[in-house]
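Below is one structure; the comments refer to it alone.
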There are 2 protein chains.
Amino acid sequence: MKVTIKDIARLSGVSITTVSQVLNGKGKRFSEETRQKVLKVVAETDYRPDYFAKNMINPQSKTIGVIVPDITDLFFSKVIEGIEMYLNEKGYVILLCDSHHSDEKEEHYMSELMDRAVEGIILATPNSIALDNLLELKQHFSFPYVLLDRGINKREGGNILVDEYAGAYEAVSYLIESGHRRIGMLANDSRFYKMNERADAYRQCLSDHQIVWEEEWVVNNAVTIEGGYLATKELLAKTNVSALFCGNDQMAIGAYRGIYEAGLKIPEDISVIGYDGLDITQYLTPSLTTVYQPAAGIGQAAAEILVDAITGSYHDYPNKMFPTELIKRESVALASQITT
Amino acid sequence: MKVTIKDIARLSGVSITTVSQVLNGKGKRFSEETRQKVLKVVAETDYRPDYFAKNMINPQSKTIGVIVPDITDLFFSKVIEGIEMYLNEKGYVILLCDSHHSDEKEEHYMSELMDRAVEGIILATPNSIALDNLLELKQHFSFPYVLLDRGINKREGGNILVDEYAGAYEAVSYLIESGHRRIGMLANDSRFYKMNERADAYRQCLSDHQIVWEEEWVVNNAVTIEGGYLATKELLAKTNVSALFCGNDQMAIGAYRGIYEAGLKIPEDISVIGYDGLDITQYLTPSLTTVYQPAAGIGQAAAEILVDAITGSYHDYPNKMFPTELIKRESVALASQITT
DNA sequence: CTGAAAGCGCTTACAG
DNA sequence: CTGAAAGCGCTTACAG
């Protein structure tokens, strides 16, 4: 039998009004004696106000929905951590959904979360949401949401971006400065995030340095370890490059394996650069030179904007742009030192 | 202005009873005309029944609380994935909490989740919960919970276990069969999971093979990549071994780095075995020989037991024991081939 | 086939 | 300083 506020009132010999007020710290107008009496009964019965009844009156679910394409992705799990740490401190809890890269699941979860009275949603998506869906969102969402989509979906504010282009350009420049001319790239041709922006920077950088780009230098595959591995196998089978710019760190980890299986060494035979700056990359052998972007910081920024929006601090979401940073480690060598 | 059932009733010219019944598919006793009229208004207004009002009457939050020590841990993110996939299919959504290995946060979240009317909790914890807390749990939890603690906390049922001991024993046996005699171990002396069981198996296995164990062969550190790295540095500085059994895969990844920095090669100079069987291990160079345990399967098993308990299929939780499997890959060589 | 009314467990004016 | 009563938005016997 669930204990209700009525029971507490009866047991402590006061009205339910008094119980409610004491528990919520409203009106300090009760005698200390009354307070203690009520509190004692509450403790004894381990009474917990009904979550639903309470929220029906003043809805404050203190819950945020978070949708990511893959929980096990090293980048996203770090983003989630950033979100969680910030939100937890503010008393929010997250309802976590894994869309498994599926549009349908994403929509399904959006709807599910709306039904569940979340106070806001953070949607990390590689997809460009169909325009009418976006409009529908705008119209029906009685609560704020932040898109973590690298700006794929155009909107006025709340863009949380990373200077992808600059990061990629710097990485490729570094390879060129190191004397490399034949530079491959592991990319992804889906609209997955702004991978294409990284690829654009790569091509532009080569062009800016008068390097004639060869189409077979770029291989597309999934942005996973396996994808990087497969792409590398394919790349090495059809051409030879002295350096490889990987779309992300996970692909770079796969590339390490592909290069190893080809009997080549990093960086003696081929230099490698990744993108993301995952913690693990500093422990790879050799440690990976990579373009760092603050995954946890991105998560936190999304959470901050959302909380501000919920608490009504503003109505125009601010934009936020994170710079990247090239972390130079062991995986890049001067082209002149290449042994092959 | 929030649209309520009253509005729908008014707009479609029927009673709220009718609206409610049509929406919930109760009583097929309405004329098709009435149904369509109601449904049309609902669609037009994008009416969504109030989550709290609805649940106050028949509480079915369809929400499960999940607490893990670290979201970014490769093992746990896989466990979460297993939980999520099973639960999603059954219409549940997870409220995810990261205890960051802290007892206090764990307790805080337990209480928070209780207040939030979850229907059950999966608590993955390396901690042994204080006995009185456990009893208190039993007493006050009006809902079921499953502990993912490797059986640290004794209880009657709902133990989801992995045959840790057998897995570790098999790994060390394999090293011995390969001719290794000086075998180190990266362990963890906290009560983190059943790491000690793996250490026990390691020692027993050596002893069973008449190998006199030296204390400096075992180094304790955090069960992370960094911990593995640091432990390896320490181990190699004070003794020399021809093989290394790592408490988990993350430690093994760190060991790879430590061994690399010592100027040694795997497996030519030193053989390495990990524990967990994370996806990434097959892409390491060399690929890691490891003791596989089904992380996603463990998550799913916990979710299954929980759902069955919620839906009242049983009151005595079943126990579940998963076997491990030694995956032999490139990181172990015959001792006779060791070059040093 | 449909509706008026009671009630879920709270909070909050309002009255005393 | 405290309580009786209205009301939040639903569902569900019950009556017709």
If only side-chain N and O atoms of [X] are considered, is one of them under 4.0 Å from the OP1 or OP2 phosphate oxygen of [N]?
| X | N | answer |
| --- | --- | --- |
| B:Ser20 | D:dT11 | yes |
| B:Thr18 | C:dG3 | yes |
| B:Thr34 | C:dT2 | yes |
| B:Tyr47 | D:dG9 | no |

Report the residues that fulfil side-chain contact (heavy atoms from CB on, under 4.5 Å) with B:Asn88, sequence neighbours left out, ordered by chain and then residue number.
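In terms of side-chain contact (heavy atoms from CB on, under 4.5 Å), with neighbours along the sequence ignored, B:Asn88 is linked to A:Lys105, A:His108, A:Tyr109, B:Glu84.
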Non-neighbouring partners of B:Ile5 that pass side-chain contact (heavy atoms from CB on, under 4.5 Å), sequence neighbours left out
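Checked B:Ile5 against side-chain contact (heavy atoms from CB on, under 4.5 Å); matches are B:Ile16, B:Val19, B:Ser20, B:Tyr47.
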Can you name the residues that form a side chain to side chain donor-acceptor pair (under 3.5 Å) with B:Thr34, not counting sequence neighbours?
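Counting only residues at least two positions away or on another chain, B:Thr34 forms a side chain to side chain donor-acceptor pair (under 3.5 Å) with B:Ser31.
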Please list, chain by chain and in numerical order, all residues satisfying side chain to side chain donor-acceptor pair (under 3.5 Å) with A:Glu32, sequence neighbours excluded.
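Scan of A:Glu32 (side chain to side chain donor-acceptor pair (under 3.5 Å), adjacent residues dropped) gives A:Arg35, A:Gln36.
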May I ask you to say what B:Tyr51 touches in the nucleic acid, namely base, sugar-phosphate or nothing, with a heavy-atom cut-off under 4.0 Å?
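Here B:Tyr51 touches no strand at all.
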Assign B:Asn24 to base, sugar-phosphate, or nothing according to its heavy-atom contacts below 4.0 angstrom with the strands shown.
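Here B:Asn24 touches the backbone only, sparing every base.
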Looking only at side-chain atoms of B:Asn58, point me to the closest of D:dT11, C:dT12, D:dT2.
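Between D:dT11, C:dT12, D:dT2, the one nearest the side chain of B:Asn58 would be D:dT11.
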Distance check needed: C:dC10 P versus A:Ile16 CD1, whole Å only.
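It is 9 Å, rounded to the nearest whole Å.
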Side-chain-base donor-acceptor pair under 3.5 Å for A:Thr17 and D:dA4
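In this structure, the two groups form a donor-acceptor pair.
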What would the secondary structure line of DNA chain D be in dot-bracket form, counting Watson-Crick and G-U wobble pairs under 3.5 Å, with [ ] for pairs that cross earlier ones and | for pairs with another strand?
|||.||||||||.|||
Can you run down the side-chain hydrogen bond (donor to acceptor under 3.5 Å, both in side chains) pairs that involve residues 113-122 of chain B, sequence neighbours left out, and say none if there aren't any?
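Sorted result for residues 113-122 of chain B: A:Arg48-B:Asp115, A:Thr63-B:Arg116, B:Glu112-B:Arg116.
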